[in-house]
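Structure, as structure tokens:
Source: prediction; values computed, not measured. Every heavy atom of this structure was used, including side-chain atoms; hydrogens, water molecules and symmetry mates were not.
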Amino acid sequence: MRTSFNIPDEIVEEFDRVWADEGIENRSRAVREAMSEYIESHSRLEERAGEIVALVGFDYRHHEVIGELHAVQHDYQDVIQSTSHTHQGEWCLESLFCRGDAEQVRELTYRLRDFDGVQRVKVMVIRDPSP
């Protein structure tokens with residue numbers, strides 16, 4: 001299937017550099033691999049139920065979304081155990097250590113992805129806690 005995407009030039013340039021550096025034969029193959037990784041990552045979060053332990057990391061432009069991000073985090077303070085924040089130039093990197101209902105962690109992740117000022121949101125399910 002052929003398709004097209006609207007992607008900022010700087011992301012395409014970096015993507016092309018990375019797949020070429022890794023010796024992947026062409027952009028189509030690299031995109032297929034990236035899409036497969038996204039599907040795998042998304043499915044892991046979707047398949048979880050009950051209580052989980054997870055790390056949610058995201059980067060964002062501080063001045064564009066900080067107020068709204070804090071409001072979202074307050075909505076999920078029952079699952080967010082701790083946060084870590086660092087400044088990287090005009091970008092901030094934040095991590096949320098979460099423990100609680102998988103559905104709430106999933107909702108939190110999706111709400112963070114809704115902001116234009118947030119570039120990436122990554123979730124690592126550390127483990128299902130022991131009963």
With side chains defined as the heavy atoms from C-beta onward, is the minimum distance between [X] and [Y] less than 4.5 Å?
X	Y	result
Thr83	Ser95	no
Ile80	Leu108	yes
Leu96	Phe58	yes
Glu94	Gln73	yes
Asp16	Arg27	yes
Trp19	Glu25	no
Val121	Tyr110	no

Main-chain N/O of His74 paired to Gln77 side chain as donor or acceptor, under 3.5 Å: yes

Mind listing the side-chain donor-acceptor pairs of residues 65-72 below 3.5 Å, one per line with the distance, residues two or more places apart or on another chain?
none

When rounded to the nearest 0.5 angstrom, what is the spacing between [atom1] in [X] and [atom2] in [Y]?
X	Y	atom1	atom2	answer
Ser28	Arg2	OG	CZ	7.5 Å
Gln104	Asp75	CD	CG	10.5 Å
Arg32	Ile24	CZ	CD1	10.0 Å

Check side chain to side chain donor-acceptor pair (under 3.5 Å) between [X] and all other residues, then give those that pass, not counting sequence neighbours.
X	value
Glu14	none
Asp101	none
Asp114	none
Gln88	Thr86

His87: side chain to side chain contact (heavy atoms under 4.5 Å, CB included) partners, not counting sequence neighbours: His85, Cys92

Shared hydrophobic cluster, Phe115 / Leu93 (ILVMFWY, side-chain heavy atoms < 4.5 Å): no

Path from Phe5 to Phe15 over hydrophobic side-chain contacts below 4.5 Å: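 Phe5 and Phe15: separate clusters.
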
Considering all heavy atoms, the nearest Val105-Ala54 contact: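 Answer, listing the atom of Val105 first, then Ala54: CG1-CB, 4.2 Å.
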
Heavy-atom closest pair, residues Gly117 and Trp91: O-CZ3, 3.8 Å

Passing candidate, side-chain contact (heavy atoms from CB on, under 4.5 Å) with Val53, options Arg99, Met124, Gln81: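 Testing Val53 for a side-chain contact (heavy atoms from CB on, under 4.5 Å) against Arg99, Met124, Gln81 leaves exactly one candidate, Arg99.
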
Heavy atoms from other residues, nucleotides or ligands near CG of Asp116 exceed 12 (cutoff 6.0 Å): no

Sidechain N-carboxylate O distance under 4.0 Å for Glu107, Arg111: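 Answer for the salt bridge query: no.
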
